[in-house]
Structures are given as C-alpha cells and as structure tokens.
Amino acid sequence: MILLKDLYQNSKDYSDKQIEVSGWIRNNRAQKEFGFIDMNDGSCFKTCQIVYEANNLDNFKDVQKFRNGASVNVKGKFVLTPDMPQPFEIKAEEIILLGDSQEDYPMQPKRHTREFLREKPHLRVRTNLFSAVFRLRSEVAYAIHSFFHERNFVYVNTPLITSNDGEGAGQLFGVVTNSENPETDFFGKKVFLTVTGQLHVEPYAMAFRNVYTFGPTFRAENSNTQKHASEFWMVEPEIAFADLDDEENLAEDMIKYVIKYVLDHCPSEMEFFDKFVEKGLIDRLKAVLNTEKFARITHHDAITILKNSKENFENEPEYGGDLATEHEKYLTRYFNGPVFVHDWPKDIKAFYMKLNDDNETVRGSDLLVPGSGEIIGGSQREERLDVLLKRMEELGMNEATLDWYVDTRRYGGCKHAGFGLGVERLLMFLTGVDNIRDVLSYPRTPNNCDF
RNA sequence: GCCUAAAUAGCUCAGUUGGUUAGAGCACCUGACUGUUAAUCAGGGGGUCGUAGGUUCGAGUCCUACUUUGGGCGCCA
C-alpha cells in the first residue's frame, strides 16, 4: 500500500508502476464508459484522481454509484499526466468498496458554512479547510516542541487537577466525584481544572533552568467571542537567570520559528489558506518573519499613541487601564505587525509579576498580533521574597496554599521570566481562520459541550 | 453577561405592499453522455417556513415571548 504523500513526493519513481492505495472518496464523476474519483487518503492535503473504465472493471456499474465519503481500496497503474490539471492519476484495475457511505452523507463537493460544519465536527475534518487546519495544528505542535528542544528546554507536564483556586486567571471549573461536600469528596478539599501551568512549572525552572509546558487549560468564563473557548491549549515556557528582554526575545524567536516551519513544511495547506481563507496571508506572515525586531513599547507609550490617534474609540484609553480590543487592533495597525506592550499598571496584572522601581508598574508583557489580538502574555517574575509576600498580602491572597510556590524564592531564587502562548490564537494568526471554534477539534464554549 | 442580526427542502439561498398549489442551485434517486476537474444535460422524490401564542376573512410575510445561531462588546490566552 502506497500513501498519496509518497506519490506526490516521488512521482517519477512510481511512473507506470502497479500500485495500491486506500482512501475516502471526495467526489465521483461517472460517465457512460468511464469515470473519475477524487480520493484523499489522509496522508496529505491533496487528493488524487482515480480513472476507471468499463473495460477494466468487473464492478464498473457499482463503482459509478460509489458516493462521497465512502472508503475504497484501489489497485492500478500510476501514470504521470504532465499536460493535465493534476500531475498524475491512477488507472484503476480493481476498486473495492471498503465502507459504504449512506445517501444522506452531509459533506458535499461545494462550500459549506462554518456554522453548519461546527454541527458536524466529526465529519468536517474530511473537508479541505479542516483537513488543512488540523494538519497544520499538528505541525505547529511539532514545531513548538522542536523549537524548545533545540534550545535544550525540558518539557514538563503540569497537573490538570489543582487545588489552587486560580490566582487572578479567571473562573475555574470545579472537579467533583459524587459528593457535594468537598471535605468528604475524593480529594478531601475543593479542587479545580487548571487555568495555567505557570505556578507549577516555575519550580521546574529553578531545577532545569529552561522549561516549558504544552497542555490543555480550562476557563469557566462566560465569554462569547471568536477568540475564547472554555477548553484550549497553552504553551508556557519559563526561563531562569532571565529578564523581560530575554522573555520577549524568546517569544519573538518562537513565533518566527513556527511561521518559518509551516511555510516550509505545509505549502499545500498554506496556499489553501492564502487562496480561500485570507488573501495575502502568506505575504503577511513572511513580512512578520522578515521583521528585524518586533515593536516593543511600554503600556504608557501605547496609551499615548492611542490618545494621540484621533480615532473615535468607544473605550477611552487610560494610563491606568487595560487595552480594549479596538485598542489592540489600532496598535497592530499602527506598527503594521506584532507589537509587545510591557510595563503594565500593577493593579491590572497578576501578583507574581516583578514590580518596577516606580512602584506603579510591573514587568508584564503582552504580544499583540494582527487578527488574533493578544496571543502571548508573559512577564518577568517577582523573585524578591519580601516584595512578593507584600503583594500577596495587598491582594488578600491566602499565603498558606501557595507556600510551596513561595519556596522558590526562599531557596535559591533567581530572576526568571516566562510567558503563556494561546495555541489556538496562534493557529488563527497562522491560518487566517477567524473563529477559535474552527481550530479546535470539538470546541467547548458556554452552553456547548456536545460530542 | 450586554447590544445587534438572523432562522424557509439534507446544504446554500429566493419568496414583492399579507392573498389561492412555497421556488432555484447543489446533494439524493432514474436516465443521457468517450477525459471529467464543485463535470454537464433531462426527469423525479423531498417542506407542519425554529417553537408557542396573537392580530387578520386570510400569515413564510405583521406583533409578543422563548430557543438556537452569527456578529459586536466585556472578561481573558
């Protein structure tokens, strides 16, 4: 059995050879004495054309009626067709129906709306768009692991169930077994699905120096937007003996590495996105790749830019306030590409971010990109024990439950930094797909956990 | 959570100032066709017009509520 991927990569080697393939019918165009099947075997984005003729097949009449979605096994001759729209085709000598597809197969050889396809997440992966999205997702994951592995980072799996009630990182899902009373339930206390692996991975950075997590995370926020899901994936590197500059450099290198990787390794998929999802996508990504250095500005300067912009913002930019979506969009337009915004007012950022000497701002840094907004949030961590404890006290946090975390500052702490990358938001940025539900396999959002 | 728009065949849509039997393309079924590329051509089946009320002689069309979905905003990654 041969894979279509091999046939495309080594077409000449197979010229006029007998081959066998298996796959799923995307389209079947039957005529009186012959017909054409577009078949995809899952090994690559492209389909291959099977030519079948009445003279060559015992079951010609049956094959004519094979429907979209059916799985087939094909034996025949591989023929190069340089003068045709497709580079080669298979002249079938035997076609066996492996799995019939019923008359009501919903995937047609035409455009479907994303909304309809979301109702069929188990079938939409057989369409061009989702075939491209989810192969890219896989390649992006591999690229991210490669990036960190090449830099000697240690990959850490942090727990998904946690008793930390998520310091400032949003609403949590509770985890229960069968008891309404946490004290008599499985863990003997209230536990939750994690909203971040950061607190758990920081101690690993104090042992392995450079580490990262790559895993799912859960937020029970009632967010109804294109950019939010209740279950999504994050990559969270943490680097020791490093400051905010190092953290921003790492984030920028990683983004560029992944862009280069998908352009090099997923040309078919990227061409498809460029043609049918977002015109000019590839040029846009190449421009980011070729940017000498991403723009880096302070939150204060960002607000000044917004105030001077003469735009009619619905939300007034304020020096002490967060950036609204419209502000993020303006800033990425202003810099015509990704931009780091750092040194945020301490009141709107998490307790663990390093306090600046002004006592007003912290060394947090968000990376904003065109299309997806904030895809990375990071910071230099507060490594000074006394300052950290003071911050926790100011915020009324329960020091006892985080005592283990504070230990990292008691025993050989050092300056360190890290960030969290929203994997789906990166995918949206890379593909041009504008809804997070279309880059997650079975997306979970408020009031939606089917399948 | 707030604002807004939409819901008609399996899918994508049309349906006039309220008027008689609700249409088209694709999909499916039957047939035609000697190289198709979302093939084409002819015919056929398929609808309690999102749900529940209401106005009216008469509602797919107008009104109210609800449900679901899209978009915008907020919270965040």
Side-chain angles (χ1 to χ4, degrees), chain A residues 26-38 46-55 64-65 67-69 79 81 83-86 89 91 101-120 123-124 127-128 166 168-171 195-198 216-236 251 276 313-315 321-329 348-350 366-369 372-378 419-429 434-438 440 445-448 450:
Chain A
R26 287 281 181 85
N27 198 1
N28 185 1
R29 297 178 293 277
Q31 299 184 47
K32 190 180 186 184
E33 301 293 333
F34 55 87
F36 306 92
I37 288 172
D38 293 336
K46 291 174 183 164
T47 57
C48 132
Q49 177 158 284
I50 314 288
V51 186
Y52 58 95
E53 297 178 51
N55 299 336
Q64 282 183 306
K65 300 199 183 301
R67 283 178 290 261
N68 292 351
V79 182
T81 55
D83 299 327
M84 301 281 202
Q86 64 283 354
E89 55 194 25
K91 302 272 192 198
S101 178
Q102 296 185 19
E103 288 176 18
D104 56 359
Y105 182 61
M107 299 297 120
Q108 300 171 27
K110 67 163 217 171
R111 269 177 56 98
H112 287 289
T113 58
R114 311 268 173 88
E115 292 79 33
F116 172 68
L117 292 169
R118 263 171 230 149
E119 294 170 7
K120 315 266 178 209
L123 297 175
R124 68 176 182 173
T127 64
N128 281 331
Q171 295 289 110
V195 294
T196 169
Q198 183 200 320
T217 188
F218 309 87
R219 306 259 169 111
E221 313 231 288
N222 191 11
S223 299
N224 297 288
T225 79
Q226 296 177 317
K227 288 188 280 194
H228 291 83
S230 310
E231 178 179 331
F232 62 99
W233 286 63
M234 276 211 296
V235 173
E236 297 180 288
F276 295 108
F313 293 120
E314 283 197 21
N315 304 278
D322 213 339
L323 294 179
T325 303
E326 58 183 339
H327 302 152
E328 293 179 352
K329 284 178 180 167
I348 58 171
K349 287 293 180 184
D366 289 356
L367 177 64
L368 311 179
V369 298
S372 311
E374 180 188 349
I375 62 170
I376 285 177
F419 65 80
L421 164 79
V423 171
E424 286 76 17
R425 290 189 179 177
L426 174 63
L427 283 166
M428 292 164 74
F429 174 67
D434 54 15
N435 195 310
I436 198 167
R437 296 172 183 88
D438 299 327
L440 280 157
T445 51
N447 271 316
N448 176 18
D450 295 332

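Below, read A as the first sequence line, B as the second, and so on, with proteins coming before strands; counting in each chain starts at 1.
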Consecutive-pair stems (at least three Watson-Crick or G-U pairs, under 3.5 Å) that include RNA chain B: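 Output for stems: B:1-7 with B:67-73, B:10-13 with B:23-26, B:28-32 with B:40-44, B:50-54 with B:62-66.
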
B/G31 phosphate, OP1 or OP2, under 4.0 Å from A/Lys32 side-chain N/O: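 No, A/Lys32 has no side-chain N/O under 4.0 Å of OP1/OP2 on B/G31.
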
Presence of A/Arg67 side-chain N/O under 4.0 Å of B/C29 phosphate oxygens OP1/OP2: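 Answer is yes, contact under 4.0 Å.
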
With sugar-phosphate meaning primed atoms plus P, OP1 and OP2, does [X] contact a base, only sugar-phosphate, or nothing at under 4.0 Å between heavy atoms?
X        : value
A/Gln226 : sugar-phosphate
A/Arg118 : sugar-phosphate
A/Glu89  : base
A/Leu421 : nothing
A/Asn447 : nothing
A/Met84  : base
A/Asp366 : nothing
A/Glu33  : nothing
A/Ala324 : sugar-phosphate

Donor on one side chain, acceptor on other, [X] and [Y], under 3.5 Å:
X        : Y        : value
A/Arg29  : A/Gln49  : yes
A/Glu326 : A/Asn315 : yes
A/Arg26  : A/Asn128 : yes

Any donor-acceptor N/O pair under 3.5 Å between B/U36 base and A/Gln49 side chain: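 It does, because a donor-acceptor pair links the side chain of A/Gln49 to the base of B/U36 below 3.5 Å.
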
No-H, no-angle donor-acceptor pair, A/Lys91 side chain to B/G35 base, under 3.5 Å: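 It does, because a donor-acceptor pair links the side chain of A/Lys91 to the base of B/G35 below 3.5 Å.
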
Give me the distance, rounded to whole Å, that separates [N] from [M] when you measure between the [atom1] atoms they each carry.
N     : M     : atom1 : value
B/U61 : B/G71 : C1'   : 25 Å
B/G70 : B/U16 : P     : 27 Å
B/G23 : B/A9  : C1'   : 10 Å
B/G58 : B/G31 : P     : 48 Å
B/C26 : B/A42 : P     : 9 Å
B/G10 : B/U48 : P     : 7 Å

5' priority, RNA chain B, between A/Thr325 and A/Phe36 [closest heavy atom]: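 So the residue in question is A/Phe36.
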
Stepwise side chain to side chain contact (heavy atoms under 4.5 Å, CB included) test for A/Leu117 and A/Met107: CA-CA 9 Å; A/Leu117 292 169; A/Met107 299 297 120; 3.6 Å; yes

Geometric class of the A/Phe34/A/Phe36 ring pair [parallel <30°, tilted 30-60°, perpendicular >60°]: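 Correct class here is perpendicular.
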
pair A/Trp233-A/Leu421: side-chain heavy atoms closer than 4.5 Å: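 Sidechains of A/Leu421 and A/Trp233: no contact.
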
Letter per nucleotide, 5' to 3', of nucleotides 1-14 of chain B [B base touched, S only sugar-phosphate touched, - untouched; heavy atoms, 4.0 Å]: B--------BBS--

Backbone of A/Leu426 reached by a side-chain donor or acceptor of A/Ser372 within 3.5 Å: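 Between the backbone of A/Leu426 and the side chain of A/Ser372 there is no qualifying donor-acceptor contact (under 3.5 Å).
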
Atom-pair distance (CD on A/Gln171; C1' on B/C75), nearest Å: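 My rounded result for the distance is 9 Å.
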
Basic-acidic side-chain contact under 4.0 Å: A/Lys349, A/Asp366: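 A salt bridge links A/Lys349 with A/Asp366.
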
Minimal non-hydrogen separation, A/Met428 against A/Lys227, with atom names: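 Smallest heavy-atom distance, with atoms named: CE-CG, 4.1 Å.
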
